[in-house]
Amino acid sequence: MEGGGDHGTVRIGAANMKHDRPFNVEPDIASSSPVTRQKAAAAKQIIENHYKNYLQGLQDRMERRRTLQTKAAEAQIPSEEQEKMLRNLERRETEFMRLQRHKVGVDDFEQLTIIGKGAFGEVRLCRDRNTGEIHAMKKLKKSEMLSRGQVEHVRSERNLLVEVDSRCIVKLYYSFQDSDYLYLIMEYLPGGDIMTLLMREDILHEDVGRFYIAESILAISSIHQHNYVHRDIKPDNLILDKNGHLKLSDFGLCKPLESKYSSLLDDQDLTAQEVPNGNDSNSDAPWSMPKEQLQQWKRNRRALAYSTVGTLDYMAPEVLLKKGYGMECDWWSLGAIMYEMLVGYPPFCSDDPRMTCRKIINWKACLKFPEEPKLSAEAKDLICRLLCDVESRLGTKGGVEEIKAHPWFKGVQWDTLYEMEAAYKPTVNGDSDTQNFDKFDQVSTLQSFTASCISTPFFNRMSSSWIRYRNSPGCSPAVIIPLTDSTFPCVFVFYV
Ligand SMILES: Nc1ncnc2c1ncn2[C@@H]1O[C@H](COP(=O)(O)OP(=O)(O)OP(=O)(O)O)[C@@H](O)[C@H]1O
């Protein structure tokens, strides 16, 4: 059978030889029973989808090749080296296709402990039934993704993970789907995320902070080299391997900013009287928050990370303001994380997200350093040169090298950082140890998954038109649920 030009028209070899012209099967189908017609329509859909995916895959693959070629040419990499990079990409693409053809599915993995939750799903430890290897399985509910137009972003995440072969980026082994879920099978990083480290340690010594900021720079720059902007760099996306080296995760799911923060961002709000006004008092500074409130913020941050609302503490002002933005926005986020590592909380933290938002936008007035803990002059300078206008931000004009050359990094051996002993070595007993992750209710909440459990004064203060509460068994004591309209505060950032 050869494919004909039009849908529904097929050219059939021997049976059609007499006429030697396309044999239109439509009249037969039209006279057939409704069940047959349904089956034919379903078959047509399956074939069309198959070829659509196949062609899309080919296109993506060619696009990745072209991007790599352009990047390599721009970076003036010698042609021999370019050839090697392209061969390497082809090898990984082929390997990935081979694995895809194996039709790996969820049944190939034994699902173990839940280790994380995010905006659209959960992350679990899993064991490959064939090899016995332990991996991390990210499981995303399709209906949630579809209803919020997020499927393309999962594709981005999967593409990026295949394309960027870097020791600073979490590795992707398989991606597949069943009728309800999308799955990403990734390497398991048992050291826990930087958020957990910060919650445990409160503040990091400058040497430890320097190590993790330096590794974050290498990770961020490796995705920038492939023309990706993360937009959502935050401590829970920086995960440690068993030796304490850092890898960046979570690339694909875009939390659409427009819907997430629209209620926080109308112009009137930004000029409202509570906007921090640049006087010299420290009344807006996080450390002037009552101690109990600050503790509450710390207790809430994990729950916030699991929610569909997410956090905007690390987000650059140009992203919040929906101005044009580029890779520099990731360097802002890094500045906010560095501040938190050395000071103990993010620079614009507040128990009210509206205030955080305003503080970020009014960063000139609101970026302040406490008396204690005392930061070195170089550390302060670097933070100030990352948390500033795009035009003067380090990395904007001179790229990553400009950041690496800052005096705070004096003595850092950039080329051998990942071979060095890490600044902090997590305790990890065996491949499937999950002690560095929070303990979760092990019953999957994905069935009725909308958001995570949060019950705090923090949310009581949020606009009631934005979220509301609902008691829910197994999700005590409260669950944030979305409004049914477009203001649903769904979250997640990544854009190509
Ligand atoms: N490969 C991994 N190895 C170990 N832990 C992981 C891995 N991937 C994710 N996690 C854990 O699961 C948490 C949630 O993962 P991730 O951020 O990818 O999920 P998400 O659904 O994309 O969440 P978000 O709401 O942050 O966008 C992480 O903060 C981390 O603690």
Side-chain angles (χ1 to χ4, degrees), residues 109 112-126 133-142 144-145 148 150 153-154 156-158 160-161 167-175 181-200 219 230-242 244-257 260 301-315 333 337 426 428 431-440 444-446 449-452 454 480 489-495:
F109 300 92
L112 308 169
T113 327
I114 298 179
I115 51 170
K117 289 194 178 171
F120 296 95
E122 63 190 24
V123 181
R124 267 179 190 275
L125 209 63
C126 67
E133 283 169 10
I134 295 289
H135 300 309
M137 171 191 279
K138 189 159 164 175
K139 183 174 173 183
L140 305 151
K141 192 150 175 64
K142 269 188 190 176
E144 294 287 329
M145 315 288 305
R148 285 170 237 160
Q150 297 301 300
H153 300 108
V154 180
S156 300
E157 175 162 34
R158 178 255 178 226
L160 183 135
L161 288 169
R167 59 192 167 177
C168 324
I169 302 293
V170 65
K171 283 194 176 29
L172 176 72
Y173 297 126
Y174 308 98
S175 64
Y181 301 102
L182 301 169
Y183 300 86
L184 297 176
I185 305 288
M186 305 172 283
E187 68 176 316
Y188 170 52
L189 302 171
D193 57 38
I194 290 286
M195 186 202 289
T196 311
L197 179 68
L198 288 175
M199 286 169 79
R200 198 179 292 166
H230 195 292
R231 286 206 316 180
D232 196 22
I233 307 272
K234 54 190 180 186
D236 33 327
N237 291 337
L238 302 171
I239 315 180
L240 303 182
D241 69 13
K242 66 171 190 275
H245 286 281
L246 175 148
K247 299 201 186 201
L248 185 54
S249 82
D250 189 9
F251 306 96
L253 310 176
C254 183
K255 298 172 178 176
L257 196 62
K260 179 183 179 186
R301 60 175 308 177
R302 183 52 92 176
L304 188 58
Y306 298 149
S307 78
T308 48
V309 181
T311 176
L312 45 69
D313 273 299
Y314 312 94
M315 205 160 268
S333 304
I337 295 172
V428 179
D431 287 351
S432 54
D433 186 358
T434 57
Q435 66 173 291
N436 295 305
F437 294 87
D438 280 1
K439 305 280 169 277
F440 289 87
S444 173
T445 51
L446 283 177
F449 182 85
T450 46
S452 308
I454 298 182
I480 297 175
C490 80
V491 276
F492 228 120
V493 178
F494 180 65
Y495 214 76

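Being a predicted model, the structure only gives us computed values, none of them experimental. Note that ligands are numbered from 1 as they come in the structure, with each ligand's atoms numbered from 1 the same way.
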Chemist: By the definition side-chain contact (heavy atoms from CB on, under 4.5 Å), identify the one residue from T196, L189, I194, L248 that meets it with I239.
Modeler: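 Single pass found, and it is L189.
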Chemist: Is it the side chain (CB and beyond), the backbone, both or neither of N237 that lies under 4.0 Å from ligand 1, heavy atoms counted?
Modeler: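 Only the side chain of N237 comes within reach of ligand 1.
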Chemist: With a 4.5 Å cut-off on side-chain heavy atoms, are I337 and L238 touching?
Modeler: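 Result yes, sub-4.5 Å side-chain heavy-atom pair found.
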Chemist: Do ligand 1 and S249 have nitrogen or oxygen atoms that lie under 3.5 Å from each other?
Modeler: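 The answer is no, given that S249 and ligand 1 share no N or O pair closer than 3.5 Å.
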Chemist: Taking the side chain as everything from C-beta on, heavy atoms only, tell me whether I185 gets closer than 4.5 Å to E133.
Modeler: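 No, too far: nothing below the 4.5 Å cut-off.
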Chemist: Determine whether the side chain, the backbone, both or neither of D236 has a heavy atom under 4.0 Å from any heavy atom of ligand 1.
Modeler: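 Both backbone and side chain.
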Chemist: Under the 3.5 angstrom rule, does the side chain of D241 hit a backbone N or O of K247 as a donor-acceptor pair?
Modeler: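 No, the answer is negative, given that no donor and acceptor are paired below the 3.5 Å cut-off.
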Chemist: Could you label the plane-to-plane angle of the H135 and Y173 rings as parallel, tilted or perpendicular, counting under 30° as parallel and over 60° as perpendicular?
Modeler: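 Tilted, since the angle between the ring planes falls between 30° and 60°.
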Chemist: Compute both the distance and the angle, then confirm whether K139 meets the cation-pi test with Y181: under 6.0 Å from the six-membered ring centre, within 45 degrees of the axis.
Modeler: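 Pair K139/Y181 counts as cation-pi.
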Chemist: Would you check whether D232 has a nitrogen or oxygen atom less than 3.5 angstrom from a nitrogen or oxygen atom of ligand 1?
Modeler: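 No.
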Chemist: With nothing but distance in play, are any N or O atoms of Y188 less than 3.5 Å from an N or O of ligand 1?
Modeler: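 In this structure, Y188 places no N or O atom under 3.5 Å from an N or O of ligand 1.
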Chemist: Applying side-chain contact (heavy atoms from CB on, under 4.5 Å), can you list everything that pairs with P190, at least two apart in sequence or on another chain?
Modeler: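 P190 satisfies side-chain contact (heavy atoms from CB on, under 4.5 Å) with Y188, K242, V428 once adjacent residues are dropped.
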Chemist: Heavy atoms only: which of E187, K138, M137, K139 is nearest to atom 16 (P) of ligand 1?
Modeler: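 Shortest heavy-atom distance from atom 16 (P) of ligand 1: K138.
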Chemist: So which of P190, G116, A136 gets nearest to atom 13 (C) of ligand 1, if we judge by its closest heavy atom?
Modeler: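 When every heavy atom of P190, G116, A136 is considered, G116 comes closest to atom 13 (C) of ligand 1.
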Chemist: Is the Y174 to F109 ring centre distance short of 6.0 Å?
Modeler: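 Yes, the ring of Y174 comes within the 6.0 Å limit of the ring of F109, centre to centre.
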Chemist: Given V170, L184, I239, which has its nearest heavy atom closest to atom 7 (C) of ligand 1?
Modeler: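 Going through V170, L184, I239 one by one, I239 has the nearest heavy atom to atom 7 (C) of ligand 1.
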Chemist: Say whether K234 and ligand 1 are in contact under the criterion: heavy-atom distance to a ligand atom below 4.0 Å.
Modeler: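 Per 4.0 Å heavy-atom rule, K234 contacts ligand 1.
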Chemist: Does L189, backbone or side chain, put an N or O under 3.5 Å from an N or O of ligand 1?
Modeler: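 Yes, at least one N or O pair falls under 3.5 Å.
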Chemist: Any non-hydrogen atom of K117 lying under 4.0 Å from ligand 1?
Modeler: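 It does; at least one heavy atom falls under 4.0 Å.
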